[in-house]
2 protein chains.
Amino acid sequence: MSDGDEGAGQSAPSRRKDARRNKETLLGAAAAVFVTSGVDAPVRDIAAKAGVGLGTIYRHFPTRADLIIAVYRHQVDACADAGPALLATSASAHAALGRWIDLFVDFLVTKHGLAAVLQADNAGSEALHAYFLDRLVPVCAELLEAAAVAGEIRPDVDAYELMRGVGNLCFGADSDPRYDARRMVELLIAGLRPHR
Amino acid sequence: MSDGDEGAGQSAPSRRKDARRNKETLLGAAAAVFVTSGVDAPVRDIAAKAGVGLGTIYRHFPTRADLIIAVYRHQVDACADAGPALLATSASAHAALGRWIDLFVDFLVTKHGLAAVLQADNAGSEALHAYFLDRLVPVCAELLEAAAVAGEIRPDVDAYELMRGVGNLCFGADSDPRYDARRMVELLIAGLRPHR
DNA sequence: TGCAAAAACGGAACCACGTTCCGTATCGTT
DNA sequence: AACGATACGGAACGTGGTTCCGTTTTTGCA
């Protein structure tokens, strides 16, 4: 664990020791603040929590979105990895798809405000958007393909589009007790089935 | 037309003439700016386009959201009114529902960025959110009810939830050629059908 | 061990936005 | 024409992301 973008090496030999320590501190503080104040907490709050200056944050994470990516990278990767596993262990491709989407939805819904930040038109969050997509769309495509060849869903569903749709459905899922994103996603997935 | 919130009277006799003229100018300018720059165009741009000071905008429309409401009130009302009409003229309640949702989606997708502003958690847009919901949810509920009694959809679908879901699916529908909100909404509506 | 260059740090400063405030201009009535 | 009520314009404020730069800390080398 620790750094996460210094390639395959053991612990980023090229950086100064305090810099590495600060990066860890920052990740921890950000994660904590995200939990309590949501993903769109002010950068200043995170700096304060970490006992660090603003400059330090921006040196390690060029943009807010990069910090968010760093915080959630592990979980996104875990979700991506779960795809093939589910496909191998589930009774049907359709079941695997459903379970995988559930995983994704749980992830998004749990992170206060994450879904909103995923929007493509949010300036500065292209990196975040891109990371999620790069990592998850291929997995989704694989599951869709499997379900499609099994004849369990319509054959013309695009993985990117579905991911965006599901992500969109998760907007504001917390902060509104009358809206249950999971139910809506369930309807969307139900709509995937072939026309009778 | 013209004022729109002065109750039933003819043309708001209580206001000064220049004030009324400015309100019209502002509505026109806002509509124009929304078309070219999207619904989240800066208030200053609208003031500039109207050749008016910021104070003037905020006197007529206490908040950005109020201005947006004023600009789109006619169209929201038209959509609301179309509900019963469609129910009366369509072959089935399900067909009426589908067509009405299409109307709603067209409206949202056409207005650059409107769907995003509809989010409940956008501070200051409660009024906008509330107006849309007050006006459209009852209509949607009526259509859902009709389709449900006809056995054409699941009986346990909540109108509010469905409207939010559809609204959510429309986020960023422009500005992303790879995402077709209409198709996703179609899937969602398809998912409404009873389990086989 | 001492020291200078390199690497990081902190946080003031900047920009963009929504919104508020208040001195000034205009209206409409007497 | 004059005066009070009504509106106006835009400077100023609060908040949030991001940049910049003078200062501090670390590290490689003598």
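No hydrogens, no waters, no symmetry mates; every other heavy atom, side chains included, goes into these values. Chain A is the first sequence line, chain B the second, and so forth, proteins listed ahead of strands; every chain is numbered from 1. Being a predicted model, the structure only gives us computed values, none of them experimental.
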> Tell me whether the side-chain N/O atoms of His60(B) come closer than 4.0 Å to OP1 or OP2 in dA7(D).
no
> To the nearest 0.5 Å, what is the distance between CZ (Arg135(A)) and CD1 (Ile69(A))?
12.5 Å
> If you round to the nearest 0.5 Å, how far is CG of Leu114(B) from CD1 of Ile68(B)?
6.5 Å
> Calculate, to the nearest 0.5 Å, the distance between atoms CG and CZ belonging to Asp40(A) and Arg64(A) respectively.
6.0 Å
> Verify the neighbour count for atom NZ of Lys49(B): are there more than 12 heavy atoms of other residues, nucleotides or ligands below 6.0 Å?
no
> Write down the distance between CG (Asn22(A)) and P (dC9(C)), rounded to a whole number of angstrom.
5 Å
> Please pick, from dC9(C), dT6(D), dC8(D), the nucleotide with the shortest atom-to-atom distance to any side-chain atom of Thr56(A).
dC9(C)
> So which of residues 39-48 of chain B are in contact with DNA chain D, with a heavy-atom cut-off of under 4.0 Å?
Arg44(B)
> Testing the basics here: between Ala29(A) and Ala50(A), what is the closest heavy-atom pair and its distance to 0.1 Å?
CB-CB, 3.6 Å
> Starting at NZ of Lys17(B) and ending at C1' of dC27(C), how long is that distance when rounded to a whole Å?
8 Å
> Can you list, in residue-number order, the parts of residues 62-70 of chain B that come under 4.0 Å of DNA chain C, counting heavy atoms only?
Thr63(B), Arg64(B)
> For Phe61(A) and dC9(C), what is the distance between atoms CZ and P respectively, to the nearest whole Å?
11 Å
> Within this structure, what is the CG-to-C1' distance between Leu54(B) and dC21(C), rounded to whole angstrom?
12 Å
> Do Glu161(A) and Arg178(B) have side-chain heavy atoms sitting under 4.5 Å apart?
no
> Mind calculating the distance between CZ (Arg20(B)) and P (dT26(C)) to the nearest angstrom?
19 Å
> Take the protein atom CD1 of Ile57(A) and the nucleotide atom C1' of dA12(C), then report the distance between them rounded to whole Å.
16 Å
> Measure distances between side-chain N and O atoms of Arg15(B) and base N and O atoms of dT6(D), and say whether any donor-acceptor pair falls under 3.5 Å.
no
> Nearest to the side chain of Tyr58(B) - dG10(C), dG18(C), dA7(C)?
dG18(C)
> Are Phe171(B) and Phe34(B) connected, step by step, through hydrophobic side chains (Ile, Leu, Val, Met, Phe, Trp, Tyr) whose heavy atoms are closer than 4.5 Å?
no
> Among the nucleotides dT19(D), dC8(D), dT27(D), which one has an atom lying closest to any side-chain atom of Ala19(B)?
dC8(D)
> Round to a whole Å and report the spacing from CZ of Arg21(A) to P of dT27(D).
10 Å
> Report yes if a donor N or O on one partner sits less than 3.5 Å from an acceptor N or O on the other, where the partners are the side chain of Arg16(B) and the base of dT6(D); otherwise report no.
yes
> Roughly, in whole Å, what's the span from CG in Asp18(A) to P in dA6(C)?
17 Å
> If only side-chain N and O atoms count, and only distance matters, is there a donor-acceptor pair under 3.5 Å linking Tyr179(B) with Asp174(B)?
no
> Rounded at 0.5 Å granularity, tell me how far CZ in Phe61(A) sits from CG in Leu67(A).
5.0 Å
